[in-house]
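Notes to accompany the following structure.
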Amino acid sequence: MPKPDHDPSIEHEPHLRGGPAEPDPSEEAADRILDPQQKSPDSCAEDSAKHSVFDEPNIFPGRKTEVIAQDWSCSKCGYNLRGLPTGRRCPECGHIELYQPPPPGKLSFGEWYRERKSKVSVGKSWMILGFAAMLSWPWAVIGVLFNRIPNAMYVIAMGPAVDEVLKLAATALIVEVRPYWIKRTEQIWVAALVSSIGFASVENALSFALFVTAPSFDLILWRWLVCTGLHLTCTAIAVSGLTRAWQLADQESRAPQVSHALTPLVFAIIFHGLLNGLVAFLNLADYGF
Ligand SMILES: [Zn+2]
């Protein structure tokens, strides 16, 4: 195979050489990868739906004003703009919502979402979320390792952040990438809480197996009741945002905005960090922790 000419002189520009341009051989590798992807109807439909022109923001002057005929929340404050004309200020916060519902029947995220969701049975939905709930359990090993680092920064900030993110990661991934696998908000709650109980249990068992050789009864009780309760409470705080993000996406057939779940997650991390800090303080003050 001839090597491509890398001489940068202007007379070597393809359009000045005469004759047809020779394809760059390095593009053959890209073709081999992209060809099967382009031939797969599934990936093609998903890609087209997620990049539909009808999901683009309405930013061009002179675009027709339409009445919003379905539930459609303001992306700043969450107010339902149903019944109002597009392009007007939100009556609640004054924000001009640039996104509007795609026309019915046109290829859009909403059409794709509804079609995919109708093909997922309730049983399959529960099975997938159950599997996602168990994915966090092995990650508890990382949680244990972080919690054992003898540094206040890790105990109060890094450890809680790692724990809270790892417990929710698999469920959040499903909400963002495959929201149509979920049928009801309760499933997100169950998946997150089961994930949290499993995570706390593995963390407790590992701590006793590796670091505490002869735990007192009080310590065992503390870890299994208080620490597991703390994990559950923090997950309940964090998952509320994720549930809301999915609920909005499902009601309005829009791409889920998982970033909306960030504030509750940060609250959960702060709450977890404060309790860790309190326990560390009591430990230092020799209160028996
Ligand atoms: Zn608003």
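Since the structure is predicted, the reported quantities are computational estimates derived from the model, not experimental observations.
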Verdict with reasoning, W189 to V239, per side-chain contact (heavy atoms from CB on, under 4.5 Å): CA-CA 7 Å; W189 280 98; V239 80; 3.3 Å; yes
Do D71 and Q251 have side-chain atoms, one donor and one acceptor, less than 3.5 Å apart? no
Can you measure from [atom1] ([X]) to [atom2] ([Y]) and round to the nearest 0.5 angstrom?
{"X": "I182", "Y": "L129", "atom1": "CD1", "atom2": "CG", "answer": "5.5 Å"}
{"X": "L84", "Y": "T65", "atom1": "CG", "atom2": "OG1", "answer": "12.0 Å"}
{"X": "W181", "Y": "R116", "atom1": "CH2", "atom2": "CZ", "answer": "10.0 Å"}
{"X": "M127", "Y": "S121", "atom1": "CE", "atom2": "OG", "answer": "8.0 Å"}
{"X": "E252", "Y": "R82", "atom1": "CD", "atom2": "CZ", "answer": "10.0 Å"}
{"X": "Q257", "Y": "R244", "atom1": "CD", "atom2": "CZ", "answer": "13.0 Å"}

Between the main-chain N or O of [Y] and the side-chain N or O of [X], is there a donor-acceptor pair closer than 3.5 Å?
{"X": "E66", "Y": "T86", "value": "no"}
{"X": "E56", "Y": "V53", "value": "no"}
{"X": "W246", "Y": "P256", "value": "no"}
{"X": "T171", "Y": "I188", "value": "no"}
{"X": "E164", "Y": "L265", "value": "no"}
{"X": "N80", "Y": "W72", "value": "yes"}
{"X": "K167", "Y": "H231", "value": "yes"}
{"X": "K183", "Y": "K117", "value": "yes"}

Step by step, would you call Q187 with S125 a side-chain contact (heavy atoms from CB on, under 4.5 Å)? CA-CA 9 Å; Q187 290 177 296; S125 171; 2.8 Å; yes
So do [Y] and [X] actually touch side chain to side chain, heavy atoms under 4.5 Å?
{"X": "P179", "Y": "D250", "result": "no"}
{"X": "H95", "Y": "S75", "result": "yes"}
{"X": "C93", "Y": "Y79", "result": "no"}
{"X": "W224", "Y": "S201", "result": "yes"}
{"X": "C90", "Y": "L81", "result": "yes"}
{"X": "S52", "Y": "K106", "result": "no"}

Starting from the C-alpha separation in whole Å, work towards a yes-or-no answer on side-chain contact (heavy atoms from CB on, under 4.5 Å) for S118 and Y180. CA-CA 8 Å; S118 67; Y180 58 83; over 6 Å; no
Decide side-chain contact (heavy atoms from CB on, under 4.5 Å) for N276 and L230; before the verdict, give the C-alpha distance in whole Å, the side-chain angles of both, and the deciding distance to 0.1 Å. CA-CA 10 Å; N276 274 10; L230 164 72; 4.2 Å; yes
On the 0 to 90° scale, with breaks at 30° and 60°, tag the F109-Y113 ring pair as parallel, tilted or perpendicular. parallel
Minimum heavy-atom separation for [X] and [Y], please, with both atom names.
{"X": "C234", "Y": "H272", "answer": "SG-CB, 3.7 Å"}
{"X": "P160", "Y": "I269", "answer": "CB-O, 3.8 Å"}
{"X": "P103", "Y": "F54", "answer": "CD-CD2, 3.5 Å"}
{"X": "A249", "Y": "A255", "answer": "CB-C, 4.3 Å"}
{"X": "R254", "Y": "S73", "answer": "NH1-O, 3.2 Å"}

Counting heavy atoms not belonging to [X], are there more than 12 under 6.0 Å from its [atom1]?
{"X": "R88", "atom1": "CZ", "answer": "no"}
{"X": "R184", "atom1": "CZ", "answer": "no"}
{"X": "Y99", "atom1": "OH", "answer": "no"}
{"X": "F267", "atom1": "CZ", "answer": "no"}

Taking side chain to side chain donor-acceptor pair (under 3.5 Å) as the criterion, tell me which of D218, N204, T228 meets it with R223. N204
Please determine which of D163, T235, T233 meets the side chain to side chain donor-acceptor pair (under 3.5 Å) test together with S196.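 In the set D163, T235, T233, the residue that makes a side chain to side chain donor-acceptor pair (under 3.5 Å) with S196 is T235.
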Cluster question for you: counting only ILVMFWY and a side-chain heavy-atom cut-off of under 4.5 Å, with indirect links fine, are [X] and [Y] together?
{"X": "V177", "Y": "L262", "value": "no"}
{"X": "V175", "Y": "I128", "value": "yes"}
{"X": "L173", "Y": "V258", "value": "no"}
{"X": "L166", "Y": "L135", "value": "no"}
{"X": "M158", "Y": "F199", "value": "yes"}

